[in-house]
Amino acid sequence: MIILTDIKVEEKWQRKWQESNIFPSDPNNKKKIFVTVAYPYPSGAMHIGHGRTYTVPDVYARFKRMQGYNVLFPMAWHVTGAPVVGIAKRIKRHDPWTMDIYKNIHKVPEEEIEKFTDPNYIVEYFSTEYHDVMTRMGYTIDWRREFKTLDPHYQKFIEWQFRKLKAKGLVRIGEHPVKYCPECENPVGDHDLLEGEGVGINELTLVKFELEGEYLVAATFRPETLFAATNLWLNPDSEYIRVKIDNEIWIMAKNAYDNIFNQKKDISIESGINAQNLIGKQVKNPLTGAEHIILPAPFVDPEYGTGVVYSVPGHAPADLIALIDLKKDEKELEKYKIMEEVQSIQAIGMIKLEGYGEIPAEDMIKKLEVKNQNDPNLKEATNEIYKLEHAKGIMDKNTGEYQGLKVVDARDKIIKLLLDSKKGDILFEFAERPVICRCGTKCVVKILDDQWFLKYSDEHWKETTYQCLEGMKIIPEEVRANFKYYIGWLQDWACSRRIGLGTLLPWNKDWLIEPLSDSTIYMAYYTIAKYMKNIDPEDLNDQFFDEIFLGLKSDSENPYNISPELTKEMKDEFNYWYPLDWRLSAKDLVGNHLSFHIFHHSAIFPRNKWPRGIVVFGMGLLEGNKMSSSKGNIVMLEDAIETYGSDVIRLFLMSSAEPWQDFDWRENEVKGISKRLDRFFEFSERVEKMYGSKICLEDHKTVPNVKKPINKWMIAQVNMRIKEATEALEGFQTRKALQDSFFLFKKDIDHFFYRIEHETEDENAMSEIADVMVYVLGIWIRLMVPFVPHGCEELWEKHGGSGLVSTTEWPQYDIDLMDEKVQKGEEIVHGLSQDINEIKKVISIKPNKIHVYVAPEWKWKLFDIANKIGKPDIGKIMQEAIKQNVHDNKKEIAELAKKIGREMTKIKYIGKIDEYSTLNNSIEFLCGEADAKVIIYDKPTYDPQGKSRNAMPYKPAIFIE
RNA sequence: GCAGGGGUGGUCGAGCGGUCAAAGGCGCUAGGUUGAGGGCCUAGUGGGGUAGCCCUUCGCGGGUUCGAAUCCCGUCCCCUGCACCA
């Protein structure tokens, strides 16, 4: 047995491809295809998930190349961003968790890890490794165009792009809340956190309750409930302070100050204030003007929000419970002398909610059986009401002009009113806590006030983006709806960063360009990247890029220091490759990267350079579970190559799921694929044996002229498989393509071998069969090249194919060879054999002779009539049959006409077939299968039980004795 | 909550008005081949049946149609995203 999945064999071909220089692509007079896949962020080793991502474009590129296209498939490294900076820091600190992952999961040798304290080294190390593994996977990448996003040339390109956007008014400055570590004095990403990964930032409304010229400031998610406020809560055991802000004095918990300090300008602590002295005092509701009493509440968290809470017992279960508890707490009431006031407080209802009474909080407490303030169900009760009122609540009585509005709408209006009238403000707060930096400090939400934004909210920009999307192919098509949604939903995107690797914002060098924002139109850069080695980055200016990418001539004499010839060459090259034909990326990037890609192209390039299509990838699973490098649930691509060889991996990844579906790496099934691939390789040996001498595929380029139906059938099947596989690959359906070109193809061959088994002794028959098999082999190898390129090269060479099979032409199918009647004939033979078997099984006798009667002429005529009529209309069929006088016996016609509707659809009628000779041609096979003598009758000359009347087109009658 | 996608036989997964008891893989059963247990090939894998057929199934309930896994309505459940991050 030959083992073509041997790594040595694979490496040999990788070398040959490189030597023959076939995959670097330059413009020529052929039609072009330009396909790119999201460049990787090399912060770790490649795993099988990456394997899928990069194999799909490679398969497509190989396929298109064989079809005669000039294909460009480039690759680069996205090294800009924050994560590696965090990793480097942790390595420096010898953080055991990080060290473990890099040593044991990513398999980085000890001496290399030491150098990982430099983030630049990390990306350097892994991009080299990626390059190496990609080569070992047999990818047909044009490596002359490889670059990193930190290359000075690329940075010039990014600067050009940003100045361009700014000039178009698509960049603005503003403020923006971020997670921030006061100790490190830096914004923090998730990778920098000890605790609180993935925690969101919520926006709360601050409501100012006036108290003697100063303000108690409460933070709330639900400012619309101000109408039902009854009192304020302060925690008497916490420290409170008076804060000066914009000539106002705000009163809040001391612990809340750290957070708010980072969000407001001109803010300072004026003095402390004793909360106990405030209890019992009255404040004024800024919305209603009503007076509310300040009450004590130990449950108020001084760190959350402002440590000041206003109470809405009608709609907040916690407030209601607290109020009930307080009413019972005579000691406390005595202490603050608020007995009378508290006892008179009644919950107020203001939101109508179906299924709930006037006071929903009360109903909810009963429903969930909340006993007291410490009841764990209390939280759920609060959430439940919030959800329900948010979704279905209608503003009711006590809400003045807002009555009848949906809660959500009323809330927006009220927030706006409070802000406009300076009776309220905004506060950002973590959705969950704690959020702790790796340095151990509690993080806060900080507002960066000179943050730069890409204005994705711009209506005009959105409009052109929609137009761009409209002209694009999206695979799978269902994702188009997602794109539409995201384009509409995207707000301004903070595109500047303080930490990470990246390109400086050209007009403000305090900022780095955010890494998703520097990867939107870089596909254009690939077209000229190979020239950059010989160009000084300082010579690249905006006039240069304007000319290359936009064809804009500068007015000045010598706008840049690059020769006109070279400029022209680059410009021509860009215009040859662009627009981009396909962009491939994972589905979690639909809402950002892929949408940005469309946004930016539509903003910068003219219509004829807008991208043409997107393919979205699914995720990868490992034995049914999510892959995760931090949990060690991962298979590294390099290890898989060592174990199986890259052809097996490619074949498995492409056949187990379509690109946009989630694939599942199951060791068992990978092994199964490996075995099947061996079978494919062995097939050629079998053919050679049958052929009798060494095959020279080069001499068998034409379709053999065959006589036997079964040989014709084989050729028909092959052509059908080529057609299906080709069409599938056009739409990136790698799984379907393989279903036809590999699995079903194999099934056809098995069937064919099975059918011709009894002819192996017949030399004449074998000669025709061998010709067919050599033809099949030549086709099969070529159909498999995109998927298993190494093994196919080996086979191709071994069996006398000329040149590299990777550059051979893709098999063409001939529609005339896909003879329906030949295929139907084989179906009839096979079907008859199965019918005989079924009858044998049911009547359980050992037959001596089997008599087979084909359908008489008139039945075929009747089928023809029915076929013409189309619909199962018995009356019409009868009428026509009688008119044409197809048969004397009208009763029999009627009987058949009744059944015909059903029969027709069932058998997929394609016209008359000479069943008598078809079956006789396969008589040996039929006898063998039935293990009895089979006699085919044209006319029922011997039919003791009258079975011949059962004969129908495509379904001969059977009599067993 | 909002948006998108989905529920198919032991399992993964095609199908998306008639060719559907429903492709293909894996698993399982039987037979063949063979160096007996591996591999490969053939057949079977919802139920029933002394003639190639009949009955029941594609989350659940209803409807449209000569005909529905496929279309419509309702309902339950599951997955993904909701951002400043690659």
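Since the structure is predicted, the reported quantities are computational estimates derived from the model, not experimental observations. All chains are named by letter (A, B, ...) in the order of the sequence lines, taking the proteins before the strands, and each is independently numbered beginning at 1. Hydrogens, waters and symmetry mates play no part in the numbers below; they use all other heavy atoms, side chains included.
Around CD of Glu727(A), the count of heavy atoms belonging to other residues, nucleotides or ligands within 6.0 Å exceeds 12. Under a cut-off of 6.0 angstrom, the local environment of CZ in Arg949(A) is sparse, with at most 12 non-hydrogen atoms contributed by other residues, nucleotides or ligands.
In this structure, CG of Asp588(A) is placed 9 Å from C1' of rA86(B), rounded to the nearest angstrom. Atom-to-atom, CD of Glu658(A) to C1' of rG15(B) comes out at 13 Å; the value is rounded to the nearest Å. Here rG1(B) presents its P atom at 19 Å from CG of Asp412(A), a figure rounded to the nearest Å. Separating the CZ atom of Phe596(A) from the P atom of rA86(B) is a distance of 11 Å, rounded to the nearest angstrom. The nearest whole Å value for the distance from the CD atom in Glu667(A) to the C1' atom in rC26(B) is 15 Å. Note: CE (Met619(A)) to P (rG81(B)) measures 7 Å, nearest angstrom. Taking atom CG on Asn625(A) and atom P on rC79(B), their separation rounds to 14 Å, with Å as the unit. Between Leu512(A) atom CG and rC85(B) atom C1' the separation is 15 Å, expressed in whole Å.
With a 4.5 Å cut-off on side-chain heavy atoms, Arg755(A) and Ser922(A) count as touching. Between Lys455(A) and Val171(A) the shortest side-chain heavy-atom distance does not fall below 4.5 Å.
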Protein proximity profile, nucleotides 39-55 of chain B - base contact B, sugar-phosphate-only contact S, no contact -, cut-off 4.0 Å on heavy atoms | SSSSSS----BSBBB--
For each nucleotide in nucleotides 28-37 of chain B, reading 5' to 3', give B when a protein heavy atom comes within less than 4.0 Å of its base, S when such contact involves only the sugar-phosphate, and - otherwise.
-> ----------
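Of the P atoms belonging to rC2(B) and rU19(B), the separation is 39 Å, rounded to the nearest Å. If you take atom P in rC28(B) and the same atom in rU64(B), they sit 46 Å apart, rounded to whole Å. Spacing between rG31(B) and rG24(B) at atom C1', rounded to whole Å, works out to 23 Å. When the C1' atom is used for both rU75(B) and rG6(B), the distance is 16 Å, rounded to whole Å. Nucleotides rC12(B) and rC79(B), compared at atom P, are 15 Å apart to the nearest Å. Between the P atoms of rA22(B) and rC58(B), the separation comes to 15 Å (whole Å). rC66(B) and rG74(B) are spaced 26 Å apart, taking the C1' atom of each and rounding to whole Å. Here the separation of rC53(B) from rG17(B), taken at their C1' atoms, is 25 Å to the nearest Å.
Applying the Watson-Crick and G-U wobble criteria (two distances, each under 3.5 Å), rG15(B) pairs with rU8(B). Across all strands shown, rU70(B) forms no Watson-Crick or G-U wobble pair with both distances under 3.5 Å. Across all strands shown, rG38(B) has no partner, as no Watson-Crick or G-U wobble contact with both distances under 3.5 Å is found. When Watson-Crick and G-U wobble pairs are counted only if both distances are under 3.5 Å, rU80(B) pairs with rA3(B). When both pairing distances are held under 3.5 Å, rC28(B) makes a Watson-Crick or G-U pair with rG44(B).
When distances run from any side-chain atom of Glu669(A) to the nucleotides rG4(B), rC26(B), rG24(B), the shortest one goes to rC26(B). When distances are taken from the side chain of Pro83(A) to each of rA83(B), rA3(B), rA86(B), the shortest belongs to rA86(B). Among the nucleotides rU80(B), rA83(B), rA23(B), the one closest to any side-chain atom of Lys626(A) is rU80(B). Listed candidates were rA83(B), rG24(B), rA86(B). Nearest to the side chain of Ala82(A) is rA86(B).
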Distances for protein N or O near nucleotides 5-7 of chain B N or O, under 3.5 Å:
none

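Each of Leu589(A) and Asp662(A) was matched to the nucleotide of RNA chain B holding its nearest heavy atom; the match closer to the 5' end belongs to Asp662(A). Ranked by how close their nearest RNA chain B nucleotide is to the 5' end, Gln491(A) and Glu514(A) are led by Gln491(A).
A parallel orientation is assigned to the rings of Trp489(A) and Tyr485(A), their planes being inclined by less than 30° (bins at 30° and 60°). By the 30° and 60° cut-offs, the orientation of the rings of Tyr522(A) relative to His593(A) is tilted. Using the six-membered ring where Trp is involved, Tyr130(A) and Trp77(A) have ring planes that are perpendicular, over 60° apart on the 30 and 60° scheme.
Heavy atoms of Gly591(A) sit nowhere under 4.0 angstrom from any nucleic acid atom. Counting non-hydrogen atoms under 4.0 angstrom, His78(A) reaches the backbone sugars and phosphates but no base. Residue-level contact check: Leu516(A) touches the bases, meaning some heavy atom is under 4.0 Å from a base atom.
Between the Arg411(A) side chain and the Arg222(A) main chain, no donor and acceptor come within less than 3.5 Å of each other. Listed for the Arg583(A) side chain is no donor-acceptor partner under 3.5 Å among the backbone atoms of His597(A). Tyr954(A) contributes no side-chain N or O that, together with a main-chain N or O of Ile913(A), makes up a donor-acceptor pair within less than 3.5 Å. Listed for the Glu623(A) side chain is a donor-acceptor partner under 3.5 Å among the backbone atoms of Glu667(A). Panel note: side chain Ser656(A), backbone Phe652(A); a donor-acceptor pair is recorded below 3.5 Å.
Atoms CZ and CD1, from Phe162(A) and Ile513(A) in turn, are 4.5 Å apart once rounded to the nearest 0.5 Å.
No side-chain donor from either of Gln717(A) and His751(A) sits under 3.5 Å from a side-chain acceptor of the other.
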